[in-house]
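Below: the structure, in structure tokens.
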Amino acid sequence: MKKFISLAFASALLMASFAACEDDHDDHDHDEHTDAEGFILENSSGTQVYKEFKGTQTGSVTLTAGATLELSVHFLGDDGKELAHEGHEGEEEEEGSLKVSGFNSSIATVEVEEEHAGEGHDHDEEHEMALEIKGVKAGSTSFKLELMHDGHADYTSTNNVPITVK
């Protein structure tokens with residue numbers, strides 16, 4: 001009976017230790033994820049073209065056939081303010097990345113660009129997420145925007161971003 005109690009006690013300690021480790025791990029993972037509530041798309045002059053915040057959208061993307069539009073992407077926190085980009089030294093590959101899907105490529109193409117200061121762009125940020133949208137022919141389409149991290153989406157747009165090509 002003593003062996004059974006000792007074994008049960010050791011097992012309980014081991015389980016408690018494991019649970020504590022899991023809790024610490026979950027908190028650490030949570031800190032590395034982006035807790036966005038929306039995003040804005042800005043053109044090269046800093047003008048807001050489109051905004052989605054807590055499911056509400058304003059604006060749209062409009063361009064002419066044959067034109068290319070570069071838009072920077074800024075994610076918003078619960079207070080509606082832009083989330084600070086938190087790069088971790090030596091972890092550039094671990095940072096979140098953008099993913100776009102759902103657009104009709106016969107109307108417009110949407111590609112993800114990762115801009116870095118010193119590559120022909122004058123930005124205060126060291127690293128900025130951006131999209132390049134090319135108008136193919138007149139019509140309308142839309143795309144879903146996701147902020148990916150470690151193989152899953154930390155944020156997915158609740159609405160597809162509308163694009164009109166004239």
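Nearest heavy-atom pair across Val110 and Phe143 is CG2-CD2, 3.9 Å. Here the closest non-hydrogen pair linking Asp78 and Glu37 is CA-CG, 3.6 Å. Among all heavy-atom pairs drawn from Ser60 and Pro162, the shortest one is CB-CG, 3.7 Å. Of all heavy-atom pairs spanning Thr141 and Ala108, the tightest one is CG2-CB, 4.1 Å. Scanning all heavy atoms of the two residues, the minimum distance from Glu128 to Ser72 falls at OE2-CB, 3.3 Å.
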What do the steps show when you test Thr158 against Lys54 for side chain to side chain contact (heavy atoms under 4.5 Å, CB included), and what is the final call? CA-CA 8 Å; Thr158 52; Lys54 294 187 176 183; over 6 Å; no
Determine whether Thr156 and Lys144 satisfy the following criterion, side chain to side chain contact (heavy atoms under 4.5 Å, CB included), listing intermediate values before the conclusion. CA-CA 7 Å; Thr156 301; Lys144 176 171 64 170; 3.6 Å; yes
Go through it in stages, so that I can follow the logic: the residues are Thr64 and Val165, the test is side chain to side chain contact (heavy atoms under 4.5 Å, CB included), and I'd like the CA-CA distance, side-chain angles, deciding distance and then a yes or no. CA-CA 5 Å; Thr64 57; Val165 179; 5.9 Å; no
Passes side chain to side chain contact (heavy atoms under 4.5 Å, CB included), Gln48 versus Thr58? Steps please. CA-CA 10 Å; Gln48 180 179 303; Thr58 55; 4.2 Å; yes
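Here Phe39 and Tyr50 bring their ring centres to under 6.0 angstrom of each other.
No donor-acceptor contact under 3.5 angstrom links the side chains of Ser157 and Asn159, judged on distance only. Remark: the Glu132 side chain and the Thr68 side chain contain no N/O donor-acceptor pair separated by less than 3.5 Å. For His152 and Asp154, the side-chain atoms include at least one donor-acceptor pair closer than 3.5 Å.
Cluster membership for Val100 and Ile163, using ILVMFWY side-chain heavy atoms within less than 4.5 angstrom, is shared. Linking ILVMFWY side-chain heavy atoms closer than 4.5 Å, directly or via other members, places Leu41 and Val112 in a single hydrophobic cluster. No continuous path of ILVMFWY side-chain contacts below 4.5 Å connects Met129 to Phe53, so the two sit in separate hydrophobic clusters. Cluster annotation: Tyr155 and Ile40 are assigned to distinct hydrophobic clusters (Ile/Leu/Val/Met/Phe/Trp/Tyr, side-chain heavy-atom contacts under 4.5 Å, transitive). Linking Ile, Leu, Val, Met, Phe, Trp and Tyr residues whenever their side-chain heavy atoms come within less than 4.5 Å places Leu145 and Leu83 in a single cluster.
Counting only heavy atoms from C-beta outward, the side chains of Phe75 and Glu82 never approach each other to under 4.5 Å. A heavy-atom distance below 4.5 Å is not found between the side chains of Leu71 and Glu42. Within the 4.5 Å cutoff, no side-chain heavy atoms of Ser142 are placed close to those of Val161. Using a 4.5 Å heavy-atom threshold, the side chains of Ser105 and Phe103 count as touching. In this structure the side chain of Thr164 never reaches within 4.5 angstrom of the side chain of Val61, judged on heavy atoms. Under the 4.5 Å side-chain criterion, counting only non-hydrogen atoms from C-beta, Glu70 is in contact with Glu113. Between Ile107 and Lys137, some side-chain heavy-atom pair lies under the 4.5 Å cut-off. Considering only heavy atoms from C-beta on, Ile133 stays 4.5 Å or farther from Thr109 through its side chain.
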